[in-house]
Amino acid sequence: MVSARVPHLTAKLQGFGTTIFAEMTSLAASTDSINLGQGFPDTDGPREVLDAAIAAINGGMNQYPPGLGIPALRQAIAAHQQRFYGLSYDPGTEILVTAGATEGLAGALLGLLDTGDEVVLFEPMYDSYQACVALAGAVSRPVTLRPPEYAFDPDELRAAITPKTKLILLNTPHNPTGKVLGRDELQIVADLALEHDLIVMTDEVYEHLTFDGVEHVPLATLPGMRDRTLVISSGGKTFNTTGWKIGWICGPPGLVVAAKTAKQFLTYVNGGPFQAGIAVGLGLDDAFFAELAADLQAKRDRLLPGLVEAGFDVYPTKGTYFVTVDVRPLRPDGDGMAFCRELAPRCGVVAIPNEVFYANRSEGRHLVRFAFCKRLDVLDEAVSRLKSLSSARS
Ligand SMILES: Cc1ncc(COP(=O)(O)O)c(C=O)c1O
């Protein structure tokens with residue numbers, strides 16, 4: 001898609017436009033639709049987490065927190081990485097708190113990349129990746145994940161690496177596909193990183209949201225990888241606090257310093273009392289994390305059959321908030337963007353056209369993403385509205 005040139009906007013960001021999430025969320029509001037577009041839950045997270053932030057505000061934690069993040073949160077992140085993955089990080093030099101994972105990604109990419117460096121990443125992808133690579137003056141080299149399994153072709157990955165490649169950026173569990181990279185797949189990435197001496201950045205914001213017993217494996221746990229990997233995550237998805245924007249980076253001191261040097265000139269610091277809340281959340285017992293995933297799995301299992309009944313081709317999802325579908329059974333020209341724009345006025349549901357997650361937009365033209373991180377009654381109502389689509393056709 002060629003978009004019109006935006007006056008005044010830096011050449012680096014020409015073509016990036018306004019994010020589709022703003023358009024679709026405003027469409028949901030203006031048509032009174034159920035918003036299965038943007039990925040945010042419609043229930044609050046654990047009371048202890050909310051109360052800890054309130055107590056921090058009432059207790060006067062209302063000025064700039066330390067540049068690295070409050071010590072309690074850095075210690076909680078270190079304990080979390082150790083408890084769930086056996087990864088050990090020094091809270092003094094190897095952990096940096098950021099304004100959501102989004103700022104962690106931006107800080108790390110701006111801090112690590114020089115003009116002309118290349119970044120190998122996988123499409124579809126979270127939309128900030130390409131924009132941050134472009135802001136850094138670097139070049140994205142996407143490798144396409146294709147349905148139904150959304151696996152990558154190892155030869156394509158190998159071919160994407162050139163002498164200019166500085167880092168590989170991957171996301172697992174993966175938005176928008178729900179793909180959870182297995183150990184074998186991660187090993188392929190790790191082997192290439194070792195062979196070509198590359199840094200790896202792993203976006204793990206959905207780390208606790210996996211289904212059917214599928215395990216999330218951080219790439220940093222593979223032999224030789226901890227010291228060349230920056231792990232990026234955040235509390236938004238795990239504690240239903242997407243509006244708090246508390247994220248973090250873990251990695252070896254040299255990589256963390258590079259990210260911190262850029263990050264300090266973006267926000268400097270953010271969300272002191274919310275950091276205190278997330279610190280409490282990361283220390284919750286194992287049952288909390290298990291129930292979180294089970295609850296979301298039940299929501300997935302409610303929406304997916306409904307999407308099948310509504311007439312879509314539905315692809316499996318093993319994690320995250322999302323499921324992807326092929327719209328061609330309902331719209332033979334496969335125009336997912338037009339389908340989403342018409343869906344709200346036609347039946348009162350909003351979804352996201354997947355082409356926005358691709359550098360090669362045609363790869364995702366016929367695909368659409370639905371979020372299932374909503375109450376069961378909301379999902380039921382959405383399904384009953386979506387079923388009117390196929391009855392309207394017959
Ligand atoms: C893959 C991925 N990374 C990062 C983020 C952003 O996380 P945060 O809200 O912590 O900035 C999202 C949010 O949707 C995401 O899907």
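Just follow the structure's listing: the first ligand is 1, and inside any ligand the first atom is 1. Every heavy atom of this structure was used, including side-chain atoms; hydrogens, water molecules and symmetry mates were not.
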Colleague: Can you tell me the protein heavy atom closest to atom 5 (C) of ligand 1 and the distance?
Modeller: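 Answer for atom 5 (C) of ligand 1: Tyr126 CZ, 3.4 Å.
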Colleague: Kindly determine whether Val6 and Phe16 satisfy side chain to side chain contact (heavy atoms under 4.5 Å, CB included), including the steps that lead there.
Modeller: CA-CA 10 Å; Val6 181; Phe16 283 96; over 6 Å; no
Colleague: Ligand 1 versus Ala101, non-hydrogen atoms closer than 4.0 Å: side chain, backbone, both, neither?
Modeller: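 Looking at Ala101 and ligand 1, atoms from backbone and side chain both fall under 4.0 Å.
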Colleague: Would you call Glu23 and Arg341 a salt bridge, taking side-chain N to carboxylate O under 4.0 Å as the test?
Modeller: yes
Colleague: Evaluate the ring planes of Phe21 and Phe357, with Trp represented by its six-membered ring, and classify them as parallel (under 30°), tilted (30 to 60°) or perpendicular (over 60°).
Modeller: tilted
Colleague: Closer than 4.0 Å to some heavy atom of Asn175 - which atoms of ligand 1 meet that?
Modeller: 1 (C), 15 (C), 16 (O)
Colleague: Looking at ligand 1, is there an atom of it that comes within less than 4.0 Å of some heavy atom belonging to Lys237?
Modeller: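 Judged by the 4.0 Å heavy-atom criterion, Lys237 does count as contacting ligand 1.
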Colleague: Just jot down the ligand 1 atoms closer than 4.0 angstrom to any heavy atom of Asn171, in number order.
Modeller: 1 (C)
Colleague: Between Asp286 and Arg83, does any NZ, NE, NH1 or NH2 come within less than 4.0 Å of an OD or OE carboxylate oxygen?
Modeller: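 Result for this pair is yes, salt bridge flagged.
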Colleague: Judged on heavy-atom distance to atom 16 (O) of ligand 1, which of Tyr206, Tyr321, Phe21 sits nearest?
Modeller: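 Heavy atom nearest to atom 16 (O) of ligand 1 belongs to Tyr206.
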Colleague: Between Thr102 and ligand 1, which part of the residue brings a heavy atom under 4.0 Å of the ligand: side chain, backbone, both or neither?
Modeller: both
Colleague: Counting only N and O atoms by type, is there a donor-acceptor contact under 3.5 Å from the side chain of Arg369 to the main-chain atoms of Val323?
Modeller: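 Side chain of Arg369 to backbone of Val323, a donor-acceptor pair under 3.5 Å: no, none is there.
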Colleague: Inspect the surroundings of CZ in Arg158 and state if more than 12 heavy atoms from other residues, nucleotides or ligands are less than 6.0 Å away.
Modeller: no
Colleague: Write out the residue and atom name of the closest protein heavy atom to atom 3 (N) of ligand 1, then the distance separating them to 0.1 Å.
Modeller: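 Atom 3 (N) of ligand 1 sits closest to the protein heavy atom Asp203 OD2, 2.5 Å.
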Colleague: Heavy-atom contacts under 4.0 Å between Lys245 and ligand 1: side chain, backbone, both, or neither?
Modeller: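 Contact part for Lys245 vs ligand 1: side chain (C-beta onward).
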Colleague: Quick check: does Tyr129 get an N/O under 3.5 Å from an N/O on ligand 1?
Modeller: no
Colleague: Please tabulate, for side-chain N and O atoms in residues 302-311, each donor-acceptor pair with protein atoms closer than 3.5 Å (sequence neighbours left out).
Modeller:
unit_1: Arg302; atom_1: NE; unit_2: Asp380; atom_2: OD1; d: 2.9
unit_1: Arg302; atom_1: NH2; unit_2: Asp380; atom_2: OD2; d: 2.9
unit_1: Glu309; atom_1: OE1; unit_2: Lys387; atom_2: NZ; d: 2.9

